[in-house]
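The structure under discussion appears below in the form of structure tokens.
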Amino acid sequence: MSQSVNHQETKLIHAAGNGKGDPITGAVNPPIYLSSTFHQKRFDTFGDFDYSRSGNPTRQVVEEKIAELEGGARGLAFASGMAAISSAFFLLSAGDHVVVTKDVYGGTYRFVTEVLNKYEIDYTFVDMTDLDAAAQAIQSNTKVVYMETPSNPCLNITDLSALIRVAHANNCLAFVDNTFMTPLFQNPIALGADLVLHSATKFLSGHSDIIAGLAVTKTTELGEKLAFIQNSFGSILGAQDAYQLIQGIKTLGTRMRQSTKSAEKIANFLETHPIVKDVYYPGLTTHPGHTIHRSQSTGYGAVLSFKLPTKKATKAFVENVQIPVFAVSLGAVESILSYPATMSHAAMPKEERDKRGITDGLLRFSVGLEHVDDLLADFVQALNYAKATLTEQEELIGKAAY
Ligand SMILES: *Cc1c(COP(=O)(O)O)cnc(C)c1O
């Protein structure tokens, strides 16, 4: 891209390589190439494309775009975030070991504990807010340190540069799930990461419409290895969904900034509410990871979590809140309220959930694009219903007790 393009917002909109649309027709949107196979013009030479599992021109547009946005050598688009994540783990071999952040996405937890282990790849979960603990978890056969920051659902912050240095000092690859921040706010490759992963189902597509995953490698060499796995494993993003994702990415800048602004207001409001026990949002100066997050990201994001004193109060809140959908997922134009204990982290045993602070009163809120005053008013009235369920003693469990 030309020298004058210095901002992610511009890169989000204009196609990598050619800023002005399709090189043949000038169409500002890329064509959807619904072709599984490609005519080979000569007996003994292949063209750029042969079969859409190995490569598709529409998919290639989004793959080049995410590589450019993350500042990596190679981008690859998968059928889901989990397809990208599991394919990345298949870079490993039997006998290897991985160190994974303890509050990793529930599906990643399931994959590591119930699929990878069948291939004799061992794992250790560790609290990555504690650098020493993370360093100590690395063994002689550790090949990957897997990070997620801010983490899901308690928004814990990992010091990316520091832990990536530790990983590299121990000859490990550093993988980062960058779903919550997107390339707009955080670029792990610039901080040294070898591989960046996204559930593009979330902010990147942004409209609760498609399931998609993306991976970006720092080097061409690692990119080729992952492309080989993508082609072998076959869980590629279809051309129509690739198109839909390209359209979503174009508006990421405006969506993310607006939702983040609203999330900051909502987090501040919740922090002062008498029955709200804890608020987890890296934008709050009271958040233990606030300073580290500021040093490695340019925004706080649109996801926050908070705790109500009892399960009954939580149920009353959910049943009375009007605007957000109550659902799994996040990162969409509509606000999404979810209950991690039975939704995103249902795959995790209760004992493991409790260790990670995913208790019965925890709610996660992904802030959409509704007017923030409407969202705040909605929260005020739903919290009143929650409050009405509490005994005096239970109310004291809330912040008022401190
Ligand atoms: C949703 C999510 C995933 C999984 O992505 P899918 O597209 O649902 O397969 C991985 N990591 C994080 C942080 C997520 O939020």
Side-chain angles (χ1 to χ4, degrees), residues 62 66 70 76-90 98 100-116 125 128 144 146-158 160 175-186 188 193 195-216 230 233 235-238 241-242 244-245 248-249 252 256 259 263 280 282 293 297 301-305 325 327-332 336-340 343-348 356 358 362 364-368:
V62 76
I66 194 64
E70 286 289 9
L76 293 159
F78 293 85
S80 67
M82 281 319 304
I85 291 165
S86 53
S87 298
F89 276 117
F90 281 134
V98 294
V100 180
T101 183
K102 86 170 199 280
D103 45 7
V104 73
Y105 174 72
T108 309
Y109 175 87
R110 176 172 52 203
F111 178 77
V112 168
T113 57
E114 293 186 49
V115 181
L116 258 199
F125 289 100
M128 289 193 175
V144 165
Y146 189 97
M147 298 159 237
E148 200 178 304
T149 182
S151 69
N152 185 17
C154 290
L155 290 301
N156 289 317
I157 303 302
T158 298
L160 287 174
F175 290 5
V176 180
D177 182 332
N178 202 27
T179 299
F180 273 40
M181 282 295 105
T182 80
L184 183 72
F185 285 158
Q186 186 168 275
L195 183 72
V196 174
L197 295 152
H198 285 284
S199 170
T201 309
K202 316 292 167 56
F203 293 103
L204 286 163
S205 60
H207 294 76
S208 302
D209 47 6
I210 57 161
I211 300 285
L214 295 168
V216 182
Q230 184 192 45
F233 193 49
S235 108
I236 47 130
L237 190 65
D241 286 356
Q244 200 77 7
L245 177 53
I249 287 175
L252 176 74
M256 197 71 183
S259 289
Y280 305 91
H293 183 82
S297 314
V303 181
L304 56 95
S305 293
V325 294
V328 294
S329 201
L330 55 96
I336 302 176
L337 181 69
S338 54
Y339 187 55
M343 291 180 169
S344 59
H345 289 66
M348 201 176 265
R356 291 160 172 81
I358 306 163
L362 185 76
R364 189 185 72 197
F365 192 54
S366 166
V367 184

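Excluded from the calculations below are hydrogen atoms, water molecules and symmetry mates; all remaining heavy atoms, backbone and side chain alike, are included. Whatever order the structure lists ligands and atoms in, that order sets their numbers, starting from 1.
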ask   = What heavy-atom pair brings M343 and S338 nearest, and what distance separates the two atoms?
value = SD-CB, 3.6 Å
request  = Below 4.0 angstrom from a heavy atom of D177, which ligand 1 atoms are there? Numbered from 1 as shown, please.
outcome  = 10 (C), 11 (N), 12 (C), 13 (C)
key: Residue portion contacting ligand 1 (non-hydrogen atoms closer than 4.0 Å) for I85   = side chain
key: ligand 1 atoms in contact with S80 (distance to a heavy atom under 4.0 Å)   = 7 (O), 9 (O)
request  = May I ask you to decide if P153's main-chain N or O and S305's side chain share a donor-acceptor pair within less than 3.5 Å?
outcome  = yes
query = Looking at atom 4 (C) of ligand 1, what's its closest protein heavy atom, distance included?
reply = Y105 CE2, 3.3 Å
request  = State whether the shortest distance between N or O atoms of S199 and N or O atoms of ligand 1 falls below 3.5 angstrom.
outcome  = yes
ask   = Under 3.5 Å, side chain of D241 to main-chain N/O of A212, donor-acceptor pair present?
value = no
Contact atoms of ligand 1, heavy-atom distance to G81 under 4.0 Å = 5 (O), 6 (P), 7 (O), 9 (O)
ask   = When the aromatic ring centroids of F89 and Y146 are compared, is their separation below 6.0 Å?
value = yes
note = Nearest heavy atom to atom 2 (C) of ligand 1, choosing from K202, E148, H198, M181, belongs to K202
request  = Identify, for atom 7 (O) of ligand 1, the protein heavy atom at the shortest distance, and state residue, atom and that distance.
outcome  = T201 OG1, 2.7 Å
message = Could you identify the single nearest non-hydrogen protein atom to atom 9 (O) of ligand 1 and state the distance to 0.1 Å?
response = M82 N, 2.8 Å
remark   = Minimal heavy-atom distance between A88 and F175, with the atoms involved, is O-CE2, 3.7 Å
message = Looking only at the side chains, is there a donor atom on one of T101 and D103 sitting less than 3.5 Å from an acceptor on the other?
response = yes
query = Which atoms form the tightest heavy-atom contact between Y280 and L362, and what is the distance?
reply = CE1-CD1, 3.8 Å
ask   = Considering only heavy atoms, does A212 approach ligand 1 within less than 4.0 Å through its side chain, its backbone, both, or neither?
value = backbone
